[in-house]
2 protein chains.
Amino acid sequence: MLEPHDFKQNALLNLLPRDDLAHLLPHLEKVTLTLGQSLSESGRQMSHVYFPLDSIVSLLCVMENGASTEIAIVGYEGIVGVSLFMGGETTPSRAIVQSAGHAYRLKGQLLKNEFYRAGAMQRLLLRYTQALLTQMAQTAVCNRHHSVDQQLCRWLLLSLDRLPGNELVMTQELIANMLGVRREGVTESAGKLQKAGLISYNRGRIKVIDRPGLEARVCECYSVVKREYDRLLNHHNVM
Amino acid sequence: MLEPHDFKQNALLNLLPRDDLAHLLPHLEKVTLTLGQSLSESGRQMSHVYFPLDSIVSLLCVMENGASTEIAIVGYEGIVGVSLFMGGETTPSRAIVQSAGHAYRLKGQLLKNEFYRAGAMQRLLLRYTQALLTQMAQTAVCNRHHSVDQQLCRWLLLSLDRLPGNELVMTQELIANMLGVRREGVTESAGKLQKAGLISYNRGRIKVIDRPGLEARVCECYSVVKREYDRLLNHHNVM
DNA sequence: CCGTCTCTGTACGCTATCGCACATAGGACT
DNA sequence: AGTCCTATGTGCGATAGCGTACAGAGACGG
């Protein structure tokens with residue numbers, strides 16, 4: 001269900017019944033997201049929510065000293081701006097574009113209106129939020145118990161699942177920021193993967209050559225998250 | 001707002017308007033929770049949700065090899081069983097009683113009915129869930145960037161905020177399970193706190209002597225979480 | 001073609017935490 | 001009192017990741 005086959009659509013919108021989607025369609029605005037762009041700052045209210053298409057957005061927790069960690073990845077399967085309909089309006093985390101591309105944008109108020117109609121959209125968004133909860137929880141465990149090697153594999157696979165090709169545009173420096181480790185640590189781990197013939201790395205472009213190989217090295221956290229997304233956001237279960 | 005003053009009530013129920021509460025009151029059943037009791041197993045549907053009163057419940061992520069990490073603490077300010085109304089019915093995490101005490105219990109279906117009336121209860125539960133999201137996110141960062149010393153302080157303070165007294169019944173072994181570190185690591189950190197005169201430790205009973213001292217040592221994660229709970233679950237903001 | 005900048009690779013000592021082993025001590029039960 | 005169990009303290013060597021420094025190498029503009 002969540003196989004990355006159709007990047008013309010956002011999975012959430014795709015799961016929405018026609019009638020419900022009809023309310024929103026006229027207000028969906030396609031926008032281009034550039035690498036590093038911020039969609040949401042800590043404690044600031046968002047004017048819009050975003051439904052990524054071929055772009056990836058990272059939710060980051062940034063600390064006072066500037067150190068950061070990614071707490072979740074959002075791609076075509078999700079929405080950026082959960083706090084709007086959850087009622088808090090803001091979050092302490094940031095949303096940064098991690099892979100440039102496109103997204104549908106929707107005025108926050110319009111989303112809230114649709115959400116509070118308590119129909120299919122609400123049910124869908126809540127299920128998605130639960131998937132997000134799982135991703136965050138698993139990130140917390142992974143940060144505690146797994147090596148940088150494993151986490152890098154997890155990160156590559158989670159990102160890859162949200163991209164159309166097998167190439168990723170991302171420097172090691174940025175990956176290090178996401179994982180909350182040193183850049184050198186990423187260099188080393190990526191070097192191992194490259195020597196093993198799983199990826200090929202070149203100045204900010206990562207090509208994944210042997211995906212099954214990555215899957216063999218990744219910790220269980222990847223599959224736990226993936227399985228939960230599949231379960232929660234699946235045609236048969238959702239409606 | 002979230003000061004631990006009234007442990008006869010659960011803060012969520014307390015925030016609910018009289019009329020809404022009236023629907024539930026006849027079905028709330030006061031139960032005793034014992035240390036180590038499991039309220040929810042990975043992937044299993046819960047029959048009830050729980051509103052802790054003077055008890056504390058930990059949400060744990062357990063891995064295949066048995067290692068675990070606490071991803072959130074739930075006390076009188078919250079509810080155990082978020083996945084029921086979020087639509088997923090189950091979660092991959094476990095809910096374990098970390099401090100014995102009491103809770104109100106409510107049949108899952110009744111909670112869902114109330115939730116889907118899309119009234120005050122729904123708004124409240126969603127705000128609470130957002131607070132939970134923040135707690136998980138902050139746990140993830142904390143696991144990545146902070147020392148065991150700091151995490152122990154955070155854990156003590158978060159637990160203390162949910163308890164009536166200044167004493168905590170908990171062995172170092174169990175704390176280690178929560179934090180996902182070695183027992184010896186906790187022994188060492190707790191030893192430092194004891195030498196500094198902040199706590200006194202005795203075979204599974206921790207007395208907090210100098211709370212401001214703990215607050216001086218804790219990492220920012222504690223206050224980020226606390227502030228967000230206060231903001232989201234506050235009489236003025238909620239309704 | 002040259003200088004500059006960004007990205008990647010490598011090396012080295014340092015520290016926190018781990019894994020393990022074992023010692024001590026308080027409580028509970030006989 | 002003696003025994004056992006559980007909780008805590010301590011002392012290792014091993015190791016993963018950190019901080020720092022620096023070197024090479026591709027890209028890019030003048």
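Note that the structure is a prediction, hence the values are computed from the model and not measured. Lettering follows sequence order; numbering is per chain, from 1.
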Quick one, [X] and [Y] - any side-chain contact, counting heavy atoms below 4.5 Å?
X	Y	result
B:Ile199	B:Leu168	no
B:Tyr76	B:Gln9	no
B:Glu228	B:Gln130	yes
B:Ser40	B:Arg94	no

Where along residues 63-72 of chain B does a heavy atom fall under 4.0 Å from DNA chain C?
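Within this stretch, nothing sits under 4.0 Å of the strand.
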Value rounded to 0.5 Å, distance of [atom1] in [X] from [atom2] in [Y]:
X	Y	atom1	atom2	answer
A:Ile71	A:Met136	CD1	CE	4.0 Å
B:Arg105	B:Tyr50	CZ	OH	5.0 Å
A:His48	A:Leu28	NE2	CG	11.0 Å

Can you tell me if [X] and [Y] form a side-chain donor-acceptor pair at under 3.5 Å?
X	Y	result
A:Gln98	A:Glu70	yes
A:Tyr222	A:Asp161	yes
A:Ser200	A:Arg205	no

Give the rounded distance in Å between these two atoms: [atom1] of [X] and [atom2] of [N].
X	N	atom1	atom2	result
A:Gln172	D:dG26	CD	P	15 Å
B:Gln150	C:dA16	CD	C1'	12 Å
B:Arg183	D:dT6	CZ	P	14 Å

Residues within residues 186-205 of chain A bordering DNA chain D, heavy-atom distance below 4.0 Å
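Those residues are A:Arg203.
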Working for side-chain hydrogen bond (donor to acceptor under 3.5 Å, both in side chains), residues A:Ser38 and A:Glu41
CA-CA 7 Å; A:Ser38 163; A:Glu41 283 298 318; 2.8 Å; yes
Any protein N or O atoms within reach of nucleotides 28-30 of chain C? Criterion: under 3.5 Å, listing atom names and distances.
none

Heteroatom pairs (N/O) under 3.5 angstrom, protein to nucleotides 15-19 of chain D:
unit_1: D:dG17; atom_1: OP1; unit_2: A:Val148; atom_2: N; d: 3.0
unit_1: D:dC18; atom_1: OP2; unit_2: A:Arg182; atom_2: N; d: 3.4
unit_1: D:dG19; atom_1: N7; unit_2: A:Arg182; atom_2: NH1; d: 2.5
unit_1: D:dG19; atom_1: O6; unit_2: A:Arg182; atom_2: NH1; d: 3.0

side-chain contact (heavy atoms from CB on, under 4.5 Å) involving A:Ala196 - partner list, sequence neighbours excluded
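Per chain and number, A:Ala196 pairs via side-chain contact (heavy atoms from CB on, under 4.5 Å) with A:Leu198, A:Arg217.
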Show which side-chain atoms of residues 169-186 of chain B pair as donor or acceptor with protein atoms under 3.5 Å away, not counting sequence neighbours.
unit_1: B:Thr171; atom_1: OG1; unit_2: B:Leu174; atom_2: N; d: 3.2
unit_1: B:Gln172; atom_1: OE1; unit_2: B:Thr187; atom_2: OG1; d: 2.6
unit_1: B:Arg183; atom_1: NH1; unit_2: B:Thr187; atom_2: OG1; d: 2.9

